[in-house]
J.: 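Sharing a structure with you now.
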Amino acid sequence: MALTNIYSLYRTMEEENVLLSFKGIVTADLLTTVLNIMENKMHSLQESPKKQKKVFNVLVECLQNLYHHVDNEVYNLNESRDLLERKSAIILIVKETEQFIIRTGNYIDNHKVDDLKLRLDKINSLDKDELKDYYQASLNSSTVSAKGTAGLGMIDIARKSGNKLDFEFLKVNEETSFFCLNVKID
Amino acid sequence: MENLQLVSSAKTPEVLFDAENGKLLLKGRSIPENSIEFYKPLYDWVDSYAGQPKSETTIEVMLEYFNTSSSKCLLDLFKKLERLNGGASAVAVHWYFEEDDEDMAEAGEDYQAIIKLPFKMIEVNEI
C-alpha cells in the first residue's frame, strides 16, 4: 500500500460518515470497548434515549454474532496467516442524518451459506407482528448452545431495527464466502 | 438459606435474591457473550429456594438492556418460577421498563405470552 493511500482511506470513511471502524479479530474485550465508545459518542451526539437504546441493542447483537461466528478458541499468533484472516471481520458504524447504519463483514464456510440465506430471507418476509410471533416461538423452542447462542440474534436485529436486513454473500473461493450485512436503524 | 448477591459489571446485572423476603432482583444490563455461565448460579439458587419458599415470591426485573443469549436464560429462569408458582408459593413478575422504551415493554409482553405467571408492567423514568 502506498504511503499516501491512508489519506484516500480516510477520505472515503469521512465521506461515508463513518463514526467507528474496526478490522480484525473480534474478542470479548473489543466488544466491551466498541460498546463503550459508541455509548459515549451517541451521548455526545445528543441522540434521544430511545434511539441510543435501539442502536446499542442492535449493535450488541451484531457484534456478538461476529464474536460467536468466528471460532471461539483462543487464537494464537503461530496460526497461519490464512487461518487468522478467516477469523477476522470488519465493522463500520455509520451515522446518516436520521439513521444509524451498522455494517459488518465476515467469512463464512460455503456450506453454511444456504442455511443462513434461508433464515434471513424468512426473516425479511415477515412483517412486524409476524416477527414478534416468530421471535416468541423461537425463544420458546430454542436451546442455548455451549457458546451461549440461542439462534435469535438475526430475528432480534430485524425486529429492533425496524428495517429489512440487507445482505450479500460474496464467493471468495471454493471453501469460503464473505458475508456482508447492512442494518439500518431509524 | 443464604442470599445470592452479585454486583453489576459492564455486561452483567446486579443480582439480589433474598430468600428471607422472597424477593428476587435483577437490575442493570445483561449482555454477556455467554450468559449460561452467569445464569447457572441463579438457577441453582432458585432450585434450592424452591425447597423452602416464602408464601409469596416476587421477581423484580429491572433491565436496561439484555441480549438474545440472556433472553433464553431469562425464559428458563421464569420457567423455574412457573413450576414453583401455585404450590408452596404465589409467584409474581414485576417487569420494569423506562418510558419510551417500547422494545423493553414488548420484551415483557413476549415473556407474558409464553409464561403462565402474573406480570405487572411498571413504567419508570429511569432504571
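Per chain, numbering begins at 1; letters A, B, ... match sequence-line order. Note that these values count all heavy atoms, side chains included, but never hydrogens, waters or copies made by symmetry.
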J.: Heavy-atom distance under 4.5 Å to chain B: side chain of A/Gln52, backbone, both or neither?
T.: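 Just its backbone gets close to chain B.
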J.: Under a 4.0 Å threshold between the charged nitrogen and the carboxylate oxygen, would A/Lys53 count as salt-bridged to B/Glu64?
T.: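 The answer is no: the pair does not qualify as a salt bridge.
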J.: Tell me, out of B/Glu37, B/Glu109, B/Glu99, who's got the most heavy-atom pairs with chain A below 4.5 Å.
T.: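 Among the listed options, the one with the most contacts to chain A is B/Glu109.
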J.: Taking the side chain from A/Gln64 and the backbone from B/Thr68, do they hold a donor-acceptor pair closer than 3.5 Å?
T.: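 Not at all, since once roles are kept as given, no pair shorter than 3.5 Å links the two residues.
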J.: Are A/Phe56 and B/Arg29 side-chain neighbours, meaning at least one heavy-atom pair lies under 4.5 Å?
T.: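 Yes; the side chains approach each other to less than 4.5 Å.
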J.: Which atoms form the tightest heavy-atom contact between B/Glu33 and A/Ala28, and what is the distance?
T.: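 That closest heavy-atom pairing would be OE1-CB, 3.8 Å.
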J.: Nearest 0.5 angstrom please: A/Leu139 CG to B/Asp110 CG, how far?
T.: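 Between atom CG of A/Leu139 and atom CG of B/Asp110 there are 7.0 Å.
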J.: Taking the side chain as everything from C-beta on, heavy atoms only, tell me whether B/Asp100 gets closer than 4.5 Å to A/Pro49.
T.: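 When only atoms from C-beta onward are counted, A/Pro49 and B/Asp100 do not touch, as no gap falls below 4.5 Å.
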J.: On a heavy-atom basis, which atom in B/Ser71 and which in A/Leu152 lie closest, and how many Å separate them?
T.: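 Distance-wise, the nearest heavy atoms are OG-CD1, 3.5 Å.
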J.: Atom CD of residue position A/Glu130 - does it have more than 12 heavy atoms of other residues, nucleotides or ligands inside 6.0 Å?
T.: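 Enclosed: over 12 neighbouring heavy atoms sit under 6.0 Å from CD of A/Glu130.
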J.: Examine A/Leu20 and A/Val58 and state if one hydrophobic cluster contains both, with Ile, Leu, Val, Met, Phe, Trp and Tyr joined whenever side-chain heavy atoms are less than 4.5 Å apart.
T.: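 The answer is yes; both residues are in one hydrophobic cluster.
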J.: Test your reading of the model: is there a side-chain donor-acceptor pair from A/Lys50 to the backbone of B/Asp101, 3.5 Å cut-off?
T.: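 Not at all, since once roles are kept as given, no pair shorter than 3.5 Å links the two residues.
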J.: Can you confirm whether A/Glu98 is buried at CD, in the sense that more than 12 heavy atoms of other residues, nucleotides or ligands lie under 6.0 Å from that atom?
T.: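 No, not enclosed.
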J.: Any chance CD of A/Glu39 has more than 12 other-residue heavy atoms, nucleotides or ligands included, within less than 6.0 Å?
T.: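 Atom CD in A/Glu39 is crowded, with more than 12 foreign heavy atoms closer than 6.0 Å.
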J.: Taking side chain as everything from C-beta outward and backbone as N, CA, C, O, which of these in A/Leu35 sits under 4.5 Å from a heavy atom of chain B? Side chain, backbone, both or neither.
T.: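 The side chain, not the backbone.
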J.: Under 4.5 Å between any side-chain heavy atoms of A/Val60 and B/Tyr65, yes or no?
T.: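 No, too far: nothing below the 4.5 Å cut-off.
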J.: Pick one of side chain, backbone, both or neither for A/Glu61, based on which atoms fall under 4.5 Å of a heavy atom in chain B.
T.: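 Side chain only.
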J.: Can you tell me if OH on B/Tyr43 sees more than 12 non-hydrogen neighbours from other groups inside 6.0 Å?
T.: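 Correct, the count exceeds 12.
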J.: Between B/Ile31 and chain A, which part of the residue has a heavy atom less than 4.5 Å away: side chain, backbone, both or neither?
T.: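 Contact with chain A involves both backbone and side-chain atoms of B/Ile31.
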J.: Of the backbone (N, CA, C, O) and the side chain (C-beta and beyond), which part of B/Glu102 lies under 4.5 Å from a heavy atom of chain A, both, or neither?
T.: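 When you check distances to chain A, only side chain atoms of B/Glu102 fall under 4.5 Å.
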J.: Using non-hydrogen atoms only, which part of B/Glu98 is less than 4.5 Å away from chain A: side chain, backbone, both, or neither?
T.: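 Answer is side chain: those atoms of B/Glu98 sit under 4.5 Å from chain A.
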